[in-house]
Student: 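This is the structure, below, for whatever I ask next.
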Amino acid sequence: MTLPIQPDRFLSDLHTLRGFGAAGVGKGVSRRAYSADDLAARDWLAAQMADAGLAVQFDPVGNLFGLADGPSLLIGSHSDSQPEGGWLDGALGVVAGLEIARAARAAGGPAISVVSFQDEEGRFGVTTGSAIWGGALTLGDADRLTDYDGHSLGQARMALGDRAGGFVDPARFTGCLEMHIEQGPVLDRSGDRLGVVGDIVGIRDLRLSFHGEQNHAGTTPMALRKDAFQTLSRFNTLLNERFRNVVTPQTVWTIGHVDLHPNASSIVPGRASLSVQWRDGDRDRLDRMEQIVRDSAADAAAETGVEVRFGSRLGLDPVAMDARLAGHLADAAEAEAPGAWRRMPSGALHDATNVSRLMPVAMLFVPSIGGISHDFAEDTDEADLLTGLRALARAAVAAAER
Ligand code: GLV
Ligand code: MN
Ligand code: MN
């Protein structure tokens, strides 16, 4: 059976969703979890789900479900964005799920439910909403996580108001499919139109801070300084040297957030707060890297006479996608893009990692132009978006038929 998906409606919905938090150049978006734009986007999505005959349910974290009656296949992703994000990261998978659910209802089956998870982009954690639903993180622990402005998730989710209901029972779903942009250069460079994900890498994300001594930048002799930036700089050098013996060409690490206090040119900085994140497909390597991070921070601090404090450390282990569902995606990819698709790992994190604790899950990728994502410039050719939608719909029918 072929579902009567409507490509124009799907593309138009993607553009409408982009309108919530549209920012920057091109098709950029800034729609942080729990912001007014995020909640307005969720309300709009909820209305589309209701129009499609689905029962709308927000859970206590703001994960938004559109539920079909009885056992159903779940399709979706997330609709929050990075501070400077693109229009497709997450949104593509949610709107594709919505279109397939609508088409399936028009065709009299199969039963498809839709989800938009909350805070996949980690304003507070790492894939926070699905991590809570999947059981990797308790709501109590999550509530104490803070963003870089010091707001806690517990405070932020108050903005849900009376939207918030109970958690959705995962047992009602037979499995889950997530479509996403690749967010990397592999498909764009190979010319393949689709990617079927085999594994998703694991991640560790640690916050730490160096505490030195704030002082006058003109009068404080170099030998007497406790300069938190110099400690940070030394830490980065040690890290890159020591990782060399442990990492593979696929391993990645990033110091993506730095807050220097008080951040003024004539003051020796007294405090540097930062995030260190590393990703790899091997759990043991992630653990060995963590020891190197902690040792390097301690050594850099000791060498420069500064104190180090370690903060929250979040992580998700690498996971494999379900072979049966990935097989349906592979068959669908071959049907929609014969000879022009590949199996590949995901270096980006996805809600699918957390959902895999609850039910079989698999993922489909479409190319990212120039391999750019987590930037306003992120984009994908419309033809590729539609190839992905058709393949996902095909796989959904096969998965629901078993
Ligand atoms: C999710 O966007 C990630 O950081 O991989
Ligand atoms: Mn995403
Ligand atoms: Mn992302």
Side-chain angles (χ1 to χ4, degrees), residues 14 17-18 21 23-24 27-33 38 41 45 63-64 75-97 115-131 134 136-137 147-148 176-186 195 197 199-207 250-257 275-281 286 314-319 344-356 361 363-368 371-380 385 388 392:
L14 267 178
L17 183 52
R18 190 246 156 181
K27 298 175 188 155
V29 166
S30 183
R31 199 163 57 227
R32 297 300 275 158
D38 169 59
L45 281 168
N63 295 321
L64 165 64
I75 304 181
S77 187
H78 60 95
S79 55
D80 63 299
S81 87
Q82 289 286 333
E84 294 194 4
W87 69 308
L88 299 171
D89 180 354
L92 173 63
V94 176
V95 174
V115 63
S116 170
F117 289 110
Q118 181 57 296
D119 197 29
E120 193 274 351
E121 299 292 8
R123 174 179 166 196
F124 294 99
V126 174
T127 63
T128 321
S130 58
L137 183 65
D147 66 10
Y148 291 125
C176 178
L177 295 175
E178 180 173 3
M179 175 158 76
H180 207 282
I181 50 168
E182 181 207 327
Q183 310 185 270
V186 174
V197 176
D199 304 85
I200 302 177
V201 296
I203 189 170
R204 302 284 184 265
D205 195 294
L206 176 71
R207 295 210 195 160
Q250 283 71 46
T251 314
V252 293
W253 61 97
T254 308
I255 297 176
H257 170 84
S275 65
V276 190
Q277 181 191 96
W278 56 105
R279 306 185 190 208
D280 192 83
L286 290 171
L314 298 169
L316 294 170
D317 287 338
V319 295
M344 60 186 296
S346 173
L349 260 290
H350 295 290
D351 295 305
T353 290
N354 299 309
V355 177
S356 74
V361 56
M363 287 198 73
L364 183 67
F365 280 170
V366 295
S368 293
I372 301 288
S373 188
H374 287 188
D375 186 286
F376 290 143
E378 165 201 293
D379 206 358
T380 297
L385 298 177
L392 191 69

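Every heavy atom of this structure was used, including side-chain atoms; hydrogens, water molecules and symmetry mates were not. Everything quoted here is computed from the prediction, not taken from an experiment. Indexing begins at 1, ligand by ligand and atom by atom, following the structure's order.
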Student: Go through the steps for Thr251 and Trp278 under the test side-chain contact (heavy atoms from CB on, under 4.5 Å), then give the verdict.
Tutor: CA-CA 8 Å; Thr251 314; Trp278 56 105; 5.7 Å; no
Student: Any sub-3.5 Å donor-acceptor pair from Thr128's side-chain atoms to Gly122's backbone N or O?
Tutor: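 Not a single qualifying donor-acceptor pair exists.
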Student: Between the side chain of Thr380 and the main-chain N/O of Leu385, is any donor-acceptor distance below 3.5 Å?
Tutor: no
Student: Can you tell me how far apart OG (Ser373) and CD (Gln183) are? Round to the nearest 0.5 Å.
Tutor: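 Reported value, rounded in 0.5 Å steps: 3.5 Å.
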Student: Which protein residues have a heavy atom under 4.0 Å from ligand 1?
Tutor: Glu120, Glu121, Arg279, Ala348, Leu349, His374
Student: Run the side-chain contact (heavy atoms from CB on, under 4.5 Å) test on Arg279 and Leu349 for me, step by step, so that the C-alpha distance in whole Å, both residues' side-chain angles and the decisive distance to 0.1 Å come before the verdict.
Tutor: CA-CA 9 Å; Arg279 306 185 190 208; Leu349 260 290; 3.6 Å; yes
Student: Would Arg31 and Asp80 count as a side-chain contact (heavy atoms from CB on, under 4.5 Å) if you check the C-alpha gap in whole Å, the side-chain angles of each, and the deciding distance to 0.1 Å?
Tutor: CA-CA 5 Å; Arg31 199 163 57 227; Asp80 63 299; 5.9 Å; no
Student: What is the total of protein N/O/S atoms that are closer to the Mn ion (ligand 2) than 2.8 Å?
Tutor: 3
Student: Between Gln118 and Leu64 (side chain of the first, backbone of the second, donor and acceptor by atom type, cut-off under 3.5 Å), is there such a pair?
Tutor: no
Student: What are the two closest non-hydrogen atoms of Asp119 and Gly125, and how far apart are they?
Tutor: OD2-N, 3.6 Å
Student: Apply side-chain contact (heavy atoms from CB on, under 4.5 Å) to Glu178 and Val197, showing your working.
Tutor: CA-CA 10 Å; Glu178 180 173 3; Val197 176; over 6 Å; no
